[in-house]
Amino acid sequence: MSLPDGKRLTFPGPVAGPDIAAAIGPGLARAAIALRVDGQPRDLASVVDRDAAVAIITREMPEGLEILRHDAAHVMAEAVKELYPDTEVTFGPATDTGFYYDFARAEPFTAEDLVGIEERMREIVRRDEKIAREVWERDAAVAFFRDIGETYKAEYIGEIPRGEEISLYRQGDFVDLCAGPHLPSTGCLGQAFKLMNVAGAYWRGDPRNAQLQRIYGTAWANQRELDQYLHQLEEAERRDHRRLGRELDLFHMGEEAVGSVFWHPRGWKLYRNIEDYMRRRLDAAGYLEVKGPQLLDRSLWEASGHWENFAENMFIAESRDEKILALKPMSCPGHVLIFRNRLRSYRELPLRLAEFGSCHRNEPSGALHGLMRVRAFTQDDAHIFCMEEQITSEGIAFCELLLSIYRDFGFEEVGIKFADRPPVRTGSDEVWDRAEAALRSAVEAAGLSYTLNPGEGAFYGPKLEFYLRDALGREWQCGTFQVDFEMPGRLGASYVGEDGARHVPVMLHRAVLGSVERFIGILIEHYAGRFPLWLAPVQAVVASITSETADYAGEVARACTTAGLRVTVDTGNEKINYKVREHSLAKIPVMLVVGRREAANRSVALRRLGGKEHEALALDEAVARLKEEAAVPSPS
RNA sequence: GCUGCCGUAGCUCAGUGGUAGAGCACUCCCUUGGUAAGGGAGAGGUCGAAAGUUCAAUCCUUUCCGGCAGCACCA
C-alpha cells in the first residue's frame, strides 16, 4: 500500500489499521484513531486487503477531529438514553465547532439536565467502552429499531438507498444506526468537550415535521483548544454589536418599532460617515444617484412578480381612496421605472442608477437579530442597465470597486461564491447559459477565484456572492452581483440600439455593503467598537485637568472643529483619571488633555485609546497630524 | 413562524404570596485633582401587559407583547 508521503508498505496478507500504524511507527500507533483508504474514511479496526492509498488519521487532523466530534454526539446520545430511557434518538452529526444530537422526548430538557448529561458523558468516556461496527441486513435492522422503540431510526433506514450497507455501531448497551467511521473506544474521545445549549429543530429540517430537541455541544482534540474556543466565544460576546451599540450610545431598538433601528446621534454620525464615503466612491465610479418612492401601488408589484411571490414579506398599506400600496422591499422596480420613463439610447448604456434604498421586509420574528437582521434597512443598491456585451466589463469594474471599498473598511479577505441556476426559475435554459457564461467570464477576467454555490442563484439570474472575513474569522455575505435578463422585459424597459430597433437591456443588480445597518453591525464587531479615525463618530475629546483650563480646552476644541475634526469637550468636575477612564470606555480614539502647562504654552497632551503614554505636542501640530490621520480614504 | 428559556431602576443583577433592594449611571454639594473609578447626599420602579386563583399576586395559572438561543426563513 502507498502512504501519503509516497512511501510504500508491503504486507503478506490482509492487515488491520492498528497493525499498519504500528508498522509505520509506535508514536503513530498510539495516536491513530481511524484510517483513510483510497480517500474514504474508515474505522481504525477495518482490514485492508488490497493495494490501496492508506493514511492514518489522528485526532489532530481535521478529519480526525470530525470523527471525534461525531463520537461525542454518540456518547451524548448514550448518556441521554441512560438517563432518560423514554427518549428517541434521531440524528447526531459533527459541526464546525462540535456536534449536536436531535432527540424526540415529550419533556423538554432543561439547563440542569445538560449538566447531568455532560457528567454521564464523562463517565462513559472513563468506562472506555469498545465501539464496534456491525453490518446488518436491512429488514432485520428496521425490525430491531422498531423493537427498541426507535421509530425515527427505523423510518430512516427505509430511505437509505438499496445496495448501501446498513451499519450499526455498538458501544456498551447503546446501538446506533450510523455510517461511521468512529473511534475505537469511547475513551479516545477525551474530556475536551462541553454541552452548550438546547434548542428546537425540525425532523429532517422540515417545519411540517415534528419538532425535536437539539442539544449542542462543542468538542476539541485537547483541553487547550477547547479553552481557546470558549475564550473566543467570550470575545464574540464582548464585541456583540447589540451590547456595544448600547455602551457606545450608537442606537437602540424597541418594541415600539420591532425590527427597526433608533439611531442615536453617535450612531447616525457613523452611518453618515459610511454613506458619505460610499457616495463619493459611487460618484467616482460613474454611478448616478436617484431616489425612488417608498410606497408604490399594488399594480407595480403585481407586474414585477413580487405580489405573487413575496406578498408575505411585504408591508401593505391602504390609502383613504382604498388604493392598496406596499412599502418597497427592494429598489429594482423603481429603477426600471426611472429607466423607462423616456426613450433610452444605446449611447446612454451602461446606465448605472444607484440608491441608498430604504426597504421594508416583514421578516419572521424569529429571524430578527440586532442590526444584522432587521425589518427596515437601507440597501446600497444599484442597477446597471447595459447591453449583453457590456456585462463582462461591468462585472470586472464592480469587483474592483467592491474589493477596494472592503479594503478601506479594513477587510482584506474576501471570498466569492458563484450561485448558478436554481430549480425554480424564470427564463429559458439558453438565456441562463448566456447569463452564467457572461458572469463567469467577468469574475475570471477580474482575476478572482471563486467557489460554486450550486442552485442558489436568484430566480431571475445567476449571482456572485461576496463574503468578507472579520477579525474573529467569521464570514459575512455582504456584496452581490446579479445578472438579470428578466425583469427589464417584464416591466417594459427598452432602448434604441445602433440599428434603430428596440432592445431590452440587461439589468445588473449589485450591492457592496448589502444592508447598511447590517454592515455597521459587522463593522462594530470587527473593530470591537474601536473604529478607525475616519469612521469614529467622535474622533477626539478635549479634557481639562482643572476648571482653570476650561477656556483653553474650548479653544482647542474649536481649533479641531475648524480643521474638520469631530471633537467633544469635557470640562466636567472630575479628576483626569476619571475622565480618561470614562472616554476610554466610550472608545474615543484620541484624548487631548490640557492642564496648566498646556494652556501656558498652547500645546496639548495627546493620548491614544488603549495607550499607556501621552505625547506633548504644539496645538497646531496636533491638529494637523490628526487631520491627516482622519482623512477619509478616497479613490486613487 | 416553531421549540425552549427569560422580562424587577437608564445598565448589570439580588429578592419575597403581605405592593421592593445593591452596584454603576443620573442630580446636587464638597473637592481643582496631571493620564483607567476622590468624598458625601439625593432622586429614581404600575416588578413587560391583561385576565384568573387568593383575604392578599411582582411572586401561582392562562393569554398577549417583547427579548435571547437554535430551527425554519433571508426574494
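Letters A, B, ... are given to chains in the order of the sequence lines, protein chains preceding strands, and every chain is numbered from 1. Values in this document were obtained by computation on a predicted structure and should not be read as measured data.
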Salt-bridge contact A:R204-A:D206 (side-chain N to carboxylate O under 4.0 Å):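 So A:R204 does not pair with A:D206 through a salt bridge.
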Rounding to an integer number of angstrom, what distance separates [N] and [M] when you compare their [atom1] atoms?
| N | M | atom1 | value |
| --- | --- | --- | --- |
| B:C13 | B:G45 | C1' | 15 Å |
| B:U19 | B:C28 | C1' | 30 Å |
| B:U27 | B:G10 | P | 15 Å |
| B:G66 | B:G48 | P | 16 Å |

Residues A:W301, A:S299; criterion side-chain hydrogen bond (donor to acceptor under 3.5 Å, both in side chains); working and verdict: CA-CA 5 Å; A:W301 301 114; A:S299 57; over 6 Å; no
Proximity to the side chain of A:R246 - top-ranked nucleotide from B:A75, B:G38, B:U12: B:U12
Candidate nucleotides B:A75, B:U35, B:G38, ranked by approach to the side chain of A:V593 - the nearest: B:U35
Hey, would you say the [X] and [Y] ring centroids sit under 6.0 Å apart?
| X | Y | value |
| --- | --- | --- |
| A:Y152 | A:W203 | yes |
| A:Y467 | A:W476 | no |
| A:F251 | A:H264 | no |

5′-ward residue of the pair A:E582/A:L609 relative to RNA chain B: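 On the 5' side of the pair lies A:E582.
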Residue whose closest nucleotide on RNA chain B lies nearer the 5' end, A:E548 versus A:P108: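 With A:E548 and A:P108 compared, the 5'-side residue is A:P108.
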Footprint string (nucleotides 61-72 of chain B, 5' to 3'): B base within contact, S backbone only, - free, heavy atoms under 4.0 Å: ----SSSSSBBB
Side-chain heavy atoms of A:T218 within contact of A:F193, under 4.5 Å: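 Result no, sub-4.5 Å side-chain heavy-atom pair not found.
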Those residues of residues 472-491 of chain A lying under 4.0 Å from RNA chain B by at least one heavy atom: none
Considering all heavy atoms, the nearest A:A458-A:Q482 contact: CB-OE1, 4.2 Å
Dot-bracket pairing map - RNA chain B, Watson-Crick plus G-U, both contacts under 3.5 Å, | cross-strand: (((((((..((((....[..)))).(((((.......))))).....(((((..]....))))))))))))....
Criterion ring pair (Phe, Tyr, Trp, His ring centres under 6.0 Å) against A:H509, the qualifying member of A:F398, A:Y460, A:F485: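 In the set A:F398, A:Y460, A:F485, the residue that makes a ring pair (Phe, Tyr, Trp, His ring centres under 6.0 Å) with A:H509 is A:Y460.
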Residue of the set A:F99, A:F103, A:Y101, A:Y156 for which ring pair (Phe, Tyr, Trp, His ring centres under 6.0 Å) holds with A:F91: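 So the option named by the test is A:Y156.
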side-chain hydrogen bond (donor to acceptor under 3.5 Å, both in side chains) between A:E465 and A:N453, worked out: CA-CA 9 Å; A:E465 300 165 339; A:N453 195 8; 3.0 Å; yes
Given A:R239, A:R242, A:R474, the one that forms salt bridge (charged side-chain N to carboxylate O under 4.0 Å, His left out) with A:E525: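 Single salt bridge (charged side-chain N to carboxylate O under 4.0 Å, His left out) partner of A:E525 among A:R239, A:R242, A:R474: A:R474.
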